[in-house]
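Chain naming here is simple, since letters A, B, ... match the order of the sequence lines and numbering starts at 1 in each.
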Protein chains: 2
Amino acid sequence: MQITRAAEYGVLGLTALARRPLGEVVMIETLCAEEDIPNSFLGKILQSLAKAGIVKSARGSGGGFSLARTPTEVTALEIIEAIEGPIAFQRCLDEDLGCEHSGGCALCALLSEAQEQVREVFGRTTLSDLTGRHIPNGLVRQARNRSSETAAPVMPLDPVPVQPAPAS
Amino acid sequence: MQITRAAEYGVLGLTALARRPLGEVVMIETLCAEEDIPNSFLGKILQSLAKAGIVKSARGSGGGFSLARTPTEVTALEIIEAIEGPIAFQRCLDEDLGCEHSGGCALCALLSEAQEQVREVFGRTTLSDLTGRHIPNGLVRQARNRSSETAAPVMPLDPVPVQPAPAS
DNA sequence: GCTTTTCCAGACGAATTTGGTCTGGTTCGC
DNA sequence: GCGAACCAGACCAAATTCGTCTGGAAAAGC
């Protein structure tokens with residue numbers, strides 16, 4: 001009942017991209033340093049995101065990754081499903097191989113409802129919502145290392161949760 | 001991002017118990033046959049549920065398990081959390097070991113919201129909601145075996161999903 | 001066209017989790 | 001005391017997660 005690291009890193013990596021001017025090409029290594037993500041792992045994750053059309057990749061020197069769309073057009077649901085595959089609380093809700101249990105399975109109905117709630121929350125949150133307040137871990141660490149003592153917080157930050165969308 | 005078999009079996013086993021008069025003591029073996037669950041696995045699951053005070057166990061001959069409360073008083077959330085531990089979409093949302101990422105982490109806020117939605121859905125669904133329409137797999141199989149041909153459905157059943165609670 | 005720099009694709013593998021089984025108790029009714 | 005049932009935990013196989021590594025392939029610059 002947890003999101004995978006891959007999805008977590010994927011979102012984080014994208015926020016790092018989204019913090020830049022749209023279309024700017026950034027190397028994997030830069031993103032990894034910024035967000036404290038293992039290097040070759042993020043590479044694999046970004047490949048999935050490229051296949052899903054969320055980022056564009058450019059090879060060769062001067063290459064790297066860039067967002068394929070504006071951050072307001074990319075939802076967390078797209079990102080997570082591009083990496084983890086479709087969100088499915090149970091086997092029978094994923095492919096339509098039918099429920100193992102017979103009849104109108106109440107358990108499946110329950111899981112299906114819960115799953116739809118999650119998809120709704122993820123679906124209405126965009127990358128730009130996520131980018132706003134997030135301070136990348138790597139940057140904080142780097143700042144800490146530079147001013148080796150006096151570990152003052154980089155920026156005062158009120159921990160405001162993501163606000164729910166106005167009832168549509 | 002899936003519920004475990006253990007939780008699934010746990011819910012199924014409890015619906016089998018809930019279909020009986022309250023307080024009736026049933027052996028693991030009977031429940032397993034009814035719901036098509038591996039025998040000793042359900043034993044372990046029921047132990048968790050007993051510790052959580054959802055079922056009562058009775059040892060010795062004539063022993064078995066019975067519901068400790070009426071099905072309307074037991075929520076799916078309780079059942080699932082008794083088996084899987086607290087629902088936590090991410091490490092930092094479980095214990096309060098703080099978020100690995102710094103500052104007001106937007107990702108955690110998002111996951112937290114999704115998680116609360118799931119808890120809400122599970123929390124408002126009771127065991128009696130789940131028991132209503134469910135036809136146990138094992139019983140269907142047994143019926144199929146008895147009337148070896150003419151595999152007619154055991155009971156006509158309109159597959160109505162769990163209805164959402166009225167807006168509170 | 002050669003070299004360098006970057007991504008690409010997939011094989012590989014360690015660690016963890018899941019899904020169970022098994023064994024040796026312990027408790028209860030008879 | 002004996003058999004029927006649960007109890008507690010050790011144990012194990014398979015799947016999944018969380019990565020790493022290697023050998024390309026494409027693009028840019030010379």
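For DNA chain D, the span of nucleotides reached by chain A at under 4.0 Å from its heavy atoms goes, 5' to 3', from D:dC18 to D:dA28.
Per the geometry, NZ belonging to A:K44 stands 12 Å off P belonging to C:dA9, to the nearest Å. For A:E29 and C:dT6, the CD to C1' distance is 11 Å, given to the nearest whole Å. The distance between atom NZ of A:K51 and atom P of C:dC8, rounded to the nearest whole Å, is 9 Å. Atom CG in A:L49 sits roughly 14 Å away from atom C1' in C:dC8 (whole-Å rounding).
The one candidate from A:Q2, A:M1, A:Q115, A:E84 that meets the side chain to side chain contact (heavy atoms under 4.5 Å, CB included) condition with B:M1 is A:E84.
You'll find the side chain of B:T70 stays beyond 4.5 Å of the side chain of B:L127, heavy atoms only.
At distances below 3.5 Å, at least one donor-acceptor pair connects side-chain atoms of A:E78 with backbone N or O atoms of A:T75. A donor-acceptor pair is defined here as one N or O able to donate and one able to accept, closer than 3.5 Å; no such pair exists between the side chain of B:T125 and the backbone of B:F122.
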Every protein N/O within reach of nucleotides 16-18 of chain C N/O, cut-off under 3.5 Å:
none

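Between B:Q47 and A:F41, the residue anchored closer to the 5' end of DNA chain D is B:Q47, taking for each the nucleotide with the nearest heavy atom. Comparing A:N39 and B:R59 by the nucleotide of DNA chain D that holds the closest heavy atom to each, the one mapping nearer the 5' end is B:R59.
Between B:Y9 and C:dG20 there is a side-chain N or O to OP1 or OP2 distance below 4.0 Å. For C:dT21, one of the phosphate oxygens OP1 or OP2 lies less than 4.0 angstrom from a side-chain nitrogen or oxygen of B:S40.
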Enumerate donor-acceptor pairs with a distance under 3.5 Å from any side-chain N or O in residues 49-56 of chain A to protein atoms, sequence neighbours excluded.
none

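If you check every strand for non-hydrogen atoms under 4.0 Å, A:A50 touches nothing. Among the protein residues, B:I28 comes within range of the sugar-phosphate backbone only, with heavy atoms under 4.0 Å from sugar or phosphate atoms but none that close to a base. Residue contacts for A:G43: at a heavy-atom cut-off of 4.0 Å it reaches no nucleic acid atom on any strand shown.
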inquiry  = What verdict does the salt bridge (charged side-chain N to carboxylate O under 4.0 Å, His left out) test give for B:R19 and B:E24, after you've listed the backbone C-alpha separation in whole Å, the side-chain angles of each residue and the deciding distance to 0.1 Å?
reply    = CA-CA 10 Å; B:R19 239 175 286 123; B:E24 182 172 333; over 6 Å; no
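Out of C:dG20, C:dA9, C:dG29, the shortest distance to the side chain of B:S61 is found at C:dG29.
The distance from the CG atom of B:L42 to the OH atom of B:Y9 is 10.0 Å, given to the nearest 0.5 Å.
For the 3.5 Å distance criterion, the side chains of A:E8 and B:Q90 qualify, holding a donor opposite an acceptor.
Heavy-atom contacts from other residues, nucleotides or ligands closer than 6.0 Å to CD of B:E29 number 12 or fewer.
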